[in-house]
Amino acid sequence: MEKELIRLADIAMQFDGEEVLRSINLTVRDKEFVTLLGPSGCGKTTTLRIIGGFETPTSGEVYFDGECITNLPPYKRKVNTIFQRYALFPHLNVFENVAFGLRIQKLPEEEIRSRVLEMLALVNLKGYERRSTDALSGGQQQRVAIARALVCRPRLLLLDEPLGALDLRLRKDMQAELKRIQQQLGITFVYVTHDQEEALAMSDTVVVMDKGRIQQIGTPEDIYNEPQNAFVADFIGESNIIDGIMHEDRLVEFCGRKFACLDGGFEKRENVDVVIRPEDIDIIPYQNGHIKGTVTSVTFKGVHYEFIIDVDGFKWMVQSTDYRELGSEVAFIIEPDAIHIMKKSEYSGMFGDYSTYSEAYDRDIREFDGEEPQEEKQYEAEE
Ligand SMILES: Nc1ncnc2c1ncn2[C@@H]1O[C@H](COP(=O)(O)OP(=O)(O)O)[C@@H](O)[C@H]1O
Ligand SMILES: [Mg+2]
């Protein structure tokens, strides 16, 4: 494992007496791709700005390569930042936009030229040197911003929702490309997004945040398969979250029945939250099932159907490639490895039932009607 590059030690941040970050402890390793993920207002940008030196935390320390840099100004840090609203210099062409930082360092013309051309090749903008930046598409402008940030060879690049302004297709392409560039150059990335798919697709490590606190740190697989609490389970993907009682190791009760599971380490009869992902539920013939309900919503999603199934008033989301009719009676089984047990938390009872699902779905359709869906995301990101 690579050695530590950045460490945030017990960081707290207040603005006008209002607590925005609390007990932030995070280690970022050399060459790691770490993503801060959470809803708008949870403190992602503030955390990034503290790493970059644009904010000084109310308490706690920032370490870079083992050295305390809490009070070091941004320009003395080996860090570069791509902000949410990266602004290219409109009066300079592509080459000069990228060369800007090197000119400030007064490097020899030869070196500037070779380094800028190398960066433009890296971001697939070979031949665009003389273009004016307003003759570029959004995606191309984004590439120039990336080349400009990387040409100075920072040890660490901070990126604050850099793809927020791009449409979905381009966003996906750029995700893959940023990942490639990061691996090729071996630069550490700390990336901010509120888009869970983006975080899962790109990161080595995901840091899930809510209300100014870290909720979980882990690999994308950890975060998805072993969420620490109901907030994480709900925020990352779709989840049914049901009240349960842990009877003993590997035996949990919910929906009035006992189920074998793989989890242990809880108190006897401890109240817990049980997470079951919609894709892990198997619909079976009615007479064979132990959980029975009625289909109240069917949505075709391409790869599978998404069903809402009412079981004694609790609405489950179930995904299956087999079609079931609206109103039909169905049964399902849940295998031990589909069950994940979480401790009760302040988030218990807030998520995990799909009773409001169809309303939310109707509203989405109305809002997106005639508009580009990513518009909404962008507003969210800019709050
Ligand atoms: N300079 C500031 N002054 C006062 N409040 C701020 C300032 N910057 C951020 N905040 C507040 O801190 C909270 C976290 O903001 P931010 O870090 O931008 O969240 P995120 O990037 O996750 O959306 C928000 O409630 C925001 O209003
Ligand atoms: Mg932000």
Side-chain angles (χ1 to χ4, degrees), residues 6-26 28 33-62 70-71 73-74 77 79-87 138 142 145-146 149 156-166 171 174-175 178 189-203 205-218 220 223 227-229 231-232 234-236 346-347 350-351 373-383:
I6 285 279
R7 184 155 53 90
L8 302 181
D10 216 17
I11 297 279
M13 186 70 181
Q14 293 176 358
F15 286 116
D16 317 317
E18 187 123 354
E19 187 176 60
V20 166
L21 292 175
R22 191 204 303 178
S23 311
I24 301 294
N25 287 290
L26 176 67
V28 177
F33 194 125
V34 174
T35 298
L36 309 180
L37 170 69
S40 178
C42 73
K44 303 180 298 291
T45 295
T46 305
T47 306
L48 208 68
R49 290 175 58 82
I50 288 171
I51 298 173
F54 304 102
E55 303 280 0
T56 307
T58 313
S59 63
E61 305 296 342
V62 182
T70 316
N71 296 306
R77 302 188 181 197
V79 176
N80 219 322
T81 310
I82 300 181
F83 292 105
Q84 213 162 310
R85 294 165 203 257
Y86 57 87
Q142 183 62 66
I146 293 164
L156 173 66
L157 186 63
L158 307 176
L159 304 99
D160 193 350
E161 314 236 13
L163 310 183
L166 306 180
R171 217 179 145 93
M174 286 302 292
Q175 284 172 12
L178 269 175
F189 274 28
V190 179
Y191 190 95
V192 160
T193 183
H194 65 276
D195 179 336
Q196 36 122 343
E197 271 182 51
E198 184 163 289
L200 295 183
M202 298 175 83
S203 323
T205 302
V206 179
V207 180
V208 184
M209 297 177 68
D210 185 46
K211 296 186 193 149
R213 270 169 293 165
I214 293 177
Q215 303 293 331
Q216 187 167 357
I217 302 175
I223 299 276
Q228 216 127 55
N229 62 37
F231 173 80
V232 178
D234 179 75
F235 195 72
I236 318 291
E346 60 176 302
Y347 296 104
M350 290 169 63
F351 308 107
Q374 53 276 2
E375 283 291 312
E376 191 200 46
K377 284 205 165 150
Q378 201 186 337
Y379 288 130
E380 201 181 329
E382 284 174 0
E383 256 172 42

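Atoms within each ligand, like the ligands themselves, are counted from 1 in listed order. In this text, all values refer to a predicted model and were calculated from it rather than measured experimentally. Below, each value reflects all heavy atoms present in this structure, side chains not excepted, and no hydrogens, waters or symmetry copies.
Short contacts between ligand 1 and Ser40, defined as distances under 4.0 Å to a heavy atom of the residue, involve ligand atoms 23 (O).
Scanning both residues, Ser23 and Asp10, for their nearest heavy atoms gives CA-OD1, 3.6 Å. When all heavy atoms of Ile11 and Gly60 are compared, the pair lying nearest together is CD1-C, 3.9 Å.
Residue Val20 touches ligand 1 through its side chain alone, judged by heavy-atom distances below 4.0 Å.
Not a single heavy atom of Gly38 sits less than 4.0 Å from an atom of ligand 1.
Looking at ligand 1, you won't find any N or O of Phe15 less than 3.5 Å from one of its N or O atoms. Annotation: Lys44 places an N or O atom under 3.5 Å from an N or O atom of ligand 1; distance criterion only. Taking only nitrogen or oxygen atoms, main chain and side chain alike, Asp16 does not reach within less than 3.5 Å of ligand 1.
Rounding to the nearest 0.5 angstrom, the gap separating the CG atom in Leu36 from the CD1 atom in Ile214 is 8.0 Å.
Considering Val207, Leu158, Leu48 as possible partners of Val192, the one that fulfils the side-chain contact (heavy atoms from CB on, under 4.5 Å) test is Leu48.
Relative ring orientation between Phe33 and Tyr191 is described as tilted, the plane-to-plane angle lying within the 30° to 60° band.
Within the coordination shell of the Mg ion (ligand 2), defined by N, O or S atoms under 2.8 Å, Thr45 is present.
No donor-acceptor contact under 3.5 angstrom links the side chains of Tyr347 and Asp234, judged on distance only.
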